[in-house]
Amino acid sequence: MQKHNANRPAVMDLLEHHGGLAPGVSAKVSEETGVPEADIYGVVSFYTLLAKPGVARVCQGISCAMAGCDALADALDARGEPYEKVSCLGYCDQAPVQIDRELELTKFGPVGSVTPDDPDLPINLAGHDDASYNALAAFEEMEPDAFLDQLQSSGLQGRGGAGFPAWIKWKAVRNEAAGIRYVVVNADEGEPGTFKDRETMLRRPHRLIEGLAIACRYVGATTAYIYLRGEFPAPRRALEVALAQARPHLTGLDIRLTMGHGAYICGEETALLEAIEGKRGMPRLKPPYPTQVGLFGEPTLINNVETLACVPEIVLRGGDWFKNLGKTEPGSKLYCISGHIQSPGVYELPLGATLNALVQAAGGYVGTPKAFSPGGASSGFLPMDYAETPLDFKGLAKVGSMLGSAGVVVLNDTVDMAQAVRWQQIFFEDESCGQCAPCRIGCRMQRQAIDAFIETGKVASLEHTEDLHWEMEEGSICGLGMVASLPLLTAQKHFPTEFEGS
Amino acid sequence: MSDLTVPILTGPTLTLTLDGEQVHAQDGETLLDVCRRAGKDVPTLCAEDRVDPMGSCRMCLVEVEGQRRLQPSCAFKVQAGQVVQTDSDKVQRHRQLLLSMYLADHELDEDDLPRERGTGNLLRQHVLNHGTGPDLPPINAPREYRMENNPYIHFDPGACVLCNLCVRYCDEVEAVSAITLAGRGAKTTIATADQKGLLDTTCEMCGGCIAVCPTGAMTEKPSLASNFQEEKVVRSTCNFCGVGCQVNLHTQDNKIVRVTSPPPGETVNDGNLCVKGRFSMEFVQHQDRLTEPLIRGKDGGLHPTSWENALKVAAEGLMAVRQKHGTDSLGFISSSRCTGEENYLLQKLSRAAFGTNNCHQCAAT
């Protein structure tokens, strides 16, 4: 049991400082924080950047795999340099990528594109990052209820993946009775195929900080956390510079930047809270929801980077303006696109744009397209029959997929679907937190099933995949387990000829 | 593994529908509380009354109307008007599939059932009671095994379902925190800091981890060879200290092979024991144990005698010292193994019979 005044949130930084999993480090951090030594060992062994510090990392995500990440690994092998193969590094637009021991990008393809400067886009990645904080000033002139009306009429849905109406969470946290509330920014972007938050923080950090400041003022929080993916040193520098510049506008607000340490699951909002608290990133049971019992047990508003970055322009131009930017659902949306297309990158399009429209913005397909993932690994695969289907929250859910984080990956006909499935299932097996049995056991089984199919060509290898998916979907604690079988299941459904073995 | 107690209604009640019948519950209770009171067979692995619910084993999921997915009854709170199903087709399908998955990640015996070693295995009972779904190939989870040379506690990761009860017990009940969940995904296991042996950690060898383990992944090393089904159980009081912990002595061929606590909530020790109570049992039938009074003779050796004579000789010795050196030359020290009543009698002997305040109890400082 930890000591009464234990400094648990300091655990991860101290572990990083003292060398992670090396023998004796847990004991040292235990002495310094008052958290039991075993607990600390449990934490350090959970996070890959802490458990294996100081080595190069080669991305194995689907976009990097298609772009030839094996060649990077082979080069390191040839030089005898130690390295780790990792699930996804969040640079799918620049695939294939590798980071060095300081987590800086060392090998990458062409730099990704963004939509050209257009002042009528709510985020407008290519625009000048305005540090005037006019929207914050305008917000402070508004009645809170009038602001909420604008947020509600904007129809802004959470851009992290779930698409939950933002105004409901904002209102819920504001109405909580507790004296302390927190705002947490989910900047732990890790879904394979997704890199929009990275670009937003690099190019428009003030948009995020301004949206965050408005959120804090509205819900009555004086402390906010930005939980930033550990493998993102460049966005970290951009945020640190912007936070220093923004300080005059942030009176009475304490905005803390907390770095992740290599665990995709910490993008799940309650696992993220656990990580900020210095624990293993295992999702909590819901209910209670974070709006009631969140960070350190207090009501907490958690929003994705992109969601918050939409807020300043909603304040300045009104909810209706934002809503009308959308095609099938409200607002514009940052779509990431990578894989077999001409200009991978982040494109801000009306929510509900089709794949064909997105690819057109990105310079066209490379080769003959065969399949795409509309929203990262979790959304599975769709055939090109859906190239004219609006990429939005409701429509994709109806066809058994999801918009998720809008990390679109296009696969052309040079890719074997079983192989593509394998890459995604490896990702989920590596990233399952291991807490609940359906996900812990199921993710490994599904990966073993596709491995066995590729190795033997026997259809029998895949005979239980649907049952397993049902149980993982029904029985897992969090969303990871619920969707982890979708790459396999959707590929079997839409590309049956590729799974006709012996 | 310990039993779950049936909660008693003490306050104002609300009503919900459980498997089609109206049942009462009170605010703050979980669905599992209600199910247990109604006698429903809702299987659990990670639930234990003495620790907070974790909801991670997913065995106890039930169907709650209005909820998109099945919910863990151990953690889901009751609400007036709820409609709950504990045995619907959906719940049954879930249980059987989940049990199939557990089997693929567990050591099995020659009948392909979860192995029992010494103690019972709740997973085995669930498989027998609820059946399983498809036969799934073993997943061969890459779990780290720890070198362990402590004398008492055996841990087998292959028989572990990662319910985390041992870790939570060690932390929440004993406040010792010697063990932890470590690793991630299929590699997750129960570990110590730096995978040291338990003797090099804060572990106090209370063996509570064994008592709460549902599958026997944690077992008593000295009792590994014993089969719990052949054991006779005798209730006794631990005599290592004055607390009065109740113990169940498990015997085989008239020998003590295992010591456990009665279930939580029934006795003063509430399901807990310490290292002495649980593991120090060899002395009972040890050949060196004193079984009769001995008196040192003039030859310097010890000789058996009757209790009557032994007490007489002791009293004479004490009286002789008092006569020669005065009452305050005597002192009386009682053992921490004595009960409160015995300590009272010893100070009475010291003060009233001999007239000295020189009395002490070894645990008093």
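Just so we're on the same page: letters track the sequence lines, and every chain starts at 1.
Looking at B:T192, the atoms closer than 4.5 Å to chain A (heavy atoms on both sides) all sit in the backbone: N, CA, C or O. For B:S177, the parts lying under 4.5 angstrom from a heavy atom of chain A are both the backbone and the side chain. For B:A178, the part lying under 4.5 angstrom from a heavy atom of chain A is the backbone only. With a 4.5 angstrom heavy-atom cutoff, A:K286 touches chain B only via backbone atoms. With a 4.5 angstrom heavy-atom cutoff, A:R440 touches chain B via backbone and side-chain atoms both. B:Y102 touches chain A through backbone and side chain together, each having a heavy atom under 4.5 Å away. Contact of A:E463 with chain B is not made at all, since no heavy-atom distance falls under 4.5 Å. When heavy atoms are compared at a cutoff of 4.5 Å, A:S30 does not approach chain B at all. Using a 4.5 Å cut-off between heavy atoms, A:A263 touches chain B through backbone and side chain atoms alike. Within the 4.5 angstrom heavy-atom criterion, only backbone atoms of B:I179 (N, CA, C, O) approach chain A. Only the side chain of A:L285 comes within less than 4.5 Å of a heavy atom in chain B; its backbone stays farther off.
Among A:E473, A:E429, A:Q2, the residue with the largest count of heavy-atom pairs under 4.5 Å with chain B is A:E473. Looking only at heavy-atom pairs under 4.5 Å with chain A, the residue among B:M54, B:K187, B:E174 that has the most is B:M54. Most heavy-atom pairs under 4.5 Å with chain B: of the set A:E474, A:M445, A:M482, A:M282, this distinction falls to A:E474. Note on B:G183, B:P138, B:A186: by heavy-atom pairs under 4.5 Å with chain A, the leading option is B:G183. Looking only at heavy-atom pairs under 4.5 Å with chain B, the residue among A:G442, A:G475, A:S26, A:P23 that has the most is A:G475. Note: B:L97 leads B:V167, B:L97, B:V176 in heavy-atom pairs under 4.5 Å with chain A. Interface remark: of the candidates A:W470, A:Y47, A:F46, A:F428, A:W470 forms the most heavy-atom pairs closer than 4.5 Å to chain B.
The ring pair (Phe, Tyr, Trp, His ring centres under 6.0 Å) pairs that include a residue from residues 152-199 of chain B are B:Y152-B:F279, where partners are two or more places apart or lie in different chains.
Distance check, rounded to the nearest 0.5 Å: CG of A:D39 to CG of B:D171 gives 6.0 Å. For the atom pair CD1 (B:I139) and CZ (A:R447), the distance works out to 9.5 Å, reported to the nearest 0.5 Å. Going from atom OG of A:S476 over to atom CZ of B:R58 covers 7.5 Å, rounded to the nearest 0.5 Å. For the atom pair OG of A:S45 and CG of B:L181, the computed distance is 8.5 Å after rounding to the nearest 0.5 Å.
In this structure, the side chains of A:H464 and B:D135 stay at 4.5 Å or more apart for every pair of heavy atoms. Two residues are said to be in side-chain contact when any heavy atoms from C-beta on lie closer than 4.5 Å; B:T202 and A:P36 fail this criterion. Under the 4.5 Å side-chain criterion, counting only non-hydrogen atoms from C-beta, B:T201 is not in contact with A:E37.
Remark: B:D41 CG is packed, more than 12 non-hydrogen atoms of other residues, nucleotides or ligands lying under 6.0 Å away. Sparse packing is recorded around CD of A:E466, with 12 or fewer heavy atoms of other residues, nucleotides or ligands lying under 6.0 Å away. In the displayed structure, A:K28 atom NZ is contacted under 6.0 Å by at most 12 heavy atoms of other residues, nucleotides or ligands. The number of heavy-atom neighbours closer than 6.0 Å to NZ of B:K90, taken from other residues, nucleotides and ligands shown, is above 12.
A salt bridge does not link B:R93 to A:E471: none of the charged nitrogens lies less than 4.0 Å from a carboxylate oxygen. By the 4.0 Å N-to-carboxylate-O rule, A:R444 lies too far from B:D105 to be salt-bridged with it.
In terms of heavy-atom proximity, B:L98 sits nearest to A:A437 at CD1-CB, 4.0 Å. Shortest non-hydrogen contact noted between B:G55 and A:I477 is O-CD1, 3.7 Å.
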Q) Can you list the steps and then say if B:R184 with A:R280 is a side chain to side chain contact (heavy atoms under 4.5 Å, CB included)? A) CA-CA 9 Å; B:R184 197 169 78 190; A:R280 291 166 60 81; 5.6 Å; no
Q: Start with the C-alpha distance between B:L136 and A:Q448, add both sets of side-chain angles, then the distance that settles side chain to side chain contact (heavy atoms under 4.5 Å, CB included), and finish with yes or no.
A: CA-CA 11 Å; B:L136 300 169; A:Q448 288 176 329; over 6 Å; no
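Among residues two or more places apart in sequence or in another chain, the side-chain hydrogen bond (donor to acceptor under 3.5 Å, both in side chains) test is passed with B:D194 by none.
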